Amino acid sequence: MENIFNYNLDELKSVLTPSFRAKQVWRWLYINYEDDFNMMINIPKEMRNKLHNQFSAKNLEINNIQTSIDGTKKYLFSTKDNYTFESVFLKMRDKEFDENDNIKSREKYTICVSSQIGCKIGCKFCRTGESGFTRNLTVGEIVEQVIAIKKENKILPEKCVNIVYMGMGEPLDNFDNLIKAIKIISHIDGLSISTRRQTISTSGISPMIDALGSLNLGVQLAISLHAVNDETRNKLMPINKVYNIESIMESVRKFPIDMRKRVMFEYLMIKDINDSIKNAKDLLRLLNGIKAKVNIILFNPYSGSKFQRPDIEQAKRFADFLCKKGLLCTIRESRGSDIDAACGQLKYVDSKNKNVSHETK
Ligand code: SF4
């Protein structure tokens, strides 16, 4: 049985004739979040049977949902071949009203999508890296995470959702599937999540950043930098021995950036490793001339991790120094850390239990 979410609209048109039928099915899948072909009532019975026999629109099961005190939800998905991976749903902002009860701003959601089961990169601070690499997610599995999470949270199709490829895995290590998934997710007749709302976060595989840039898709780029010199970065991220900081910066400089946007540099701050003012000065020098934004994330210790969370006052001094020098810098609130849904905390879980359970911490 084929995963129907592996197909883009043109491919679907080539198997469903007349082609307007493909568009109808597409709308059922991406706008109505319908996973049962028999419920697609405007499709002739014969075609529904064909779809049922050839395709599956439910290729992932939600095995578990954990809800954080801040509302962040972590989903444990299982695949048809019995592997599991995690994705995260974040409600970034509630609907806000002004004094006259008019809507001032709408809710803002972000879905943190996984691209692989496990990861080859092996960053030393990351639980996913510790679990090793199992396999790439297929196009359909990447796309279906978004649909499953939107459906479970009853998010209407027209609501704004941002996608960050910051879940399990290195997205640029699953390049072809990622690119096809991005195009399907942004398709105007379906989920319609613009490429400008999709951010690819990479550990810095320079040639693949170049390849992504050459496609000029309009996606946002985030670099997991975490260190300002190769010596420290080699220790935190072994990939740096292959693609060092200089090669990453060279690729970033060439990357096509939307006029209104900046390249995000993720900086996981770890106590006594990369949190000094000297490090801040070096970071400033490194990003000189790049339209950049620095996002400081305080390391979230997990059981067995050898690093420590930095002092918040030190993080503020670090951020203040950069801001005063004119570099946009924020300390990111670490959401979902009580359910291990924060950055670097997702992991492969061997789960045989297929019952959905909701846990709240
Ligand atoms: S931080 Fe990202 S790239 Fe590094 S091991 Fe974890 S999932 Fe892979």
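Note that the structure is predicted; figures quoted are calculated from it, not measured. When a ligand or atom number is given, it counts from 1 through the structure's own listing order.
Seen from the ring of Phe133, Lys120 counts as a face-on cation partner, given the 6.0 Å and 45° thresholds.
Sorted by first and then second residue, the side-chain hydrogen bond (donor to acceptor under 3.5 Å, both in side chains) pairs with a member in residues 12-21 read Arg21-Gln24; sequence neighbours excluded.
With values rounded to the nearest 0.5 angstrom, Asn174 atom CG is found 5.5 Å from Gln116 atom CD.
With ligand atoms numbered from 1 in the order given, ligand 1 contributes 5 (S) to contacts under 4.0 Å with heavy atoms of Gly122. The atoms of ligand 1 that sit less than 4.0 Å from any heavy atom of Gly169 are 7 (S).
Counting backbone and side-chain atoms alike, Cys126 contributes an N/O/S atom closer than 2.8 Å to atom 6 (Fe) of ligand 1.
Residues passing the salt bridge (Lys or Arg N to Asp or Glu O under 4.0 Å) test with Asp275, sequence neighbours excluded: none.
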